[in-house]
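Working notes, beginning with the structure itself.
Just so it is clear, the model here is predicted, and its values are computed rather than measured. We use all heavy atoms of the structure for the numbers below, so side chains are in, but hydrogens, waters and symmetry mates are not. Here, residue 1 is the first one in the sequence, and each next residue gets the next number.
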Amino acid sequence: MNDQKMEIHDICDKLQKLADSGVFSPHTVEACTQGASLLKKIREVVMSSPDEGSIVEDLRSILAEQGEG
C-alpha cells in the first residue's frame, strides 16, 4: 500500500479525471463529481473556521495529516 499523502486538491483532480474518462456509468460520474465538490467545500470550511476544540479541529488535524494547511 502507498503511504504517500495526497492533498485534497489532488484527490479532487483525480476524481474529476475519473468522471471525465468516459469509462463509468452516469451514476458513477455524478458520484465522482459530487465527491470532488464536497471535498473542496469541506476543506474550505475547515481551513477557514475559527472554531477550536470541536469536530472542526479533528477535521483540521486530518487535513494536516494529508498535507493540507
Side-chain angles (χ1 to χ4, degrees):
M1 184 170 172
N2 186 355
D3 288 337
Q4 182 178 4
K5 306 291 186 197
M6 290 181 65
E7 291 191 9
I8 298 300
H9 173 77
D10 297 330
I11 295 169
C12 293
D13 282 350
K14 288 193 181 289
L15 282 170
Q16 195 57 56
K17 285 179 185 174
L18 286 172
D20 295 340
S21 69
V23 175
F24 298 107
S25 70
H27 179 73
T28 303
V29 167
E30 184 64 22
C32 288
T33 301
Q34 286 180 355
S37 176
L38 179 61
L39 284 172
K40 287 177 186 176
K41 289 175 185 176
I42 288 174
R43 182 187 185 282
E44 289 171 14
V45 168
V46 169
M47 299 308 286
S48 66
S49 176
D51 192 7
E52 302 291 331
S54 68
I55 190 69
V56 171
E57 204 47 46
D58 293 339
L59 289 171
R60 210 178 263 146
S61 176
I62 292 167
L63 289 174
E65 288 176 12
Q66 289 300 117
E68 299 287 335

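Looking at residues two or more places apart in sequence or on another chain, you find a side chain to side chain contact (heavy atoms under 4.5 Å, CB included) between L15 and I11, C32, A36, L39. With sequence neighbours left out, Q34 forms a side chain to side chain contact (heavy atoms under 4.5 Å, CB included) with E30.
Just one of K17, H9, Q16 meets the side-chain hydrogen bond (donor to acceptor under 3.5 Å, both in side chains) condition when paired with D13; it is H9.
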Determine all donor-acceptor pairs shorter than 3.5 Å in which one atom belongs to a side chain in residues 22-29; sequence neighbours excluded.
{"residue": "S25", "atom": "OG", "partner": "T28", "partner atom": "N", "Å": "3.3"}
{"residue": "S25", "atom": "OG", "partner": "T28", "partner atom": "OG1", "Å": "3.2"}

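Between I8 and K40, the shortest heavy-atom contact is CG2-N, 4.5 Å.
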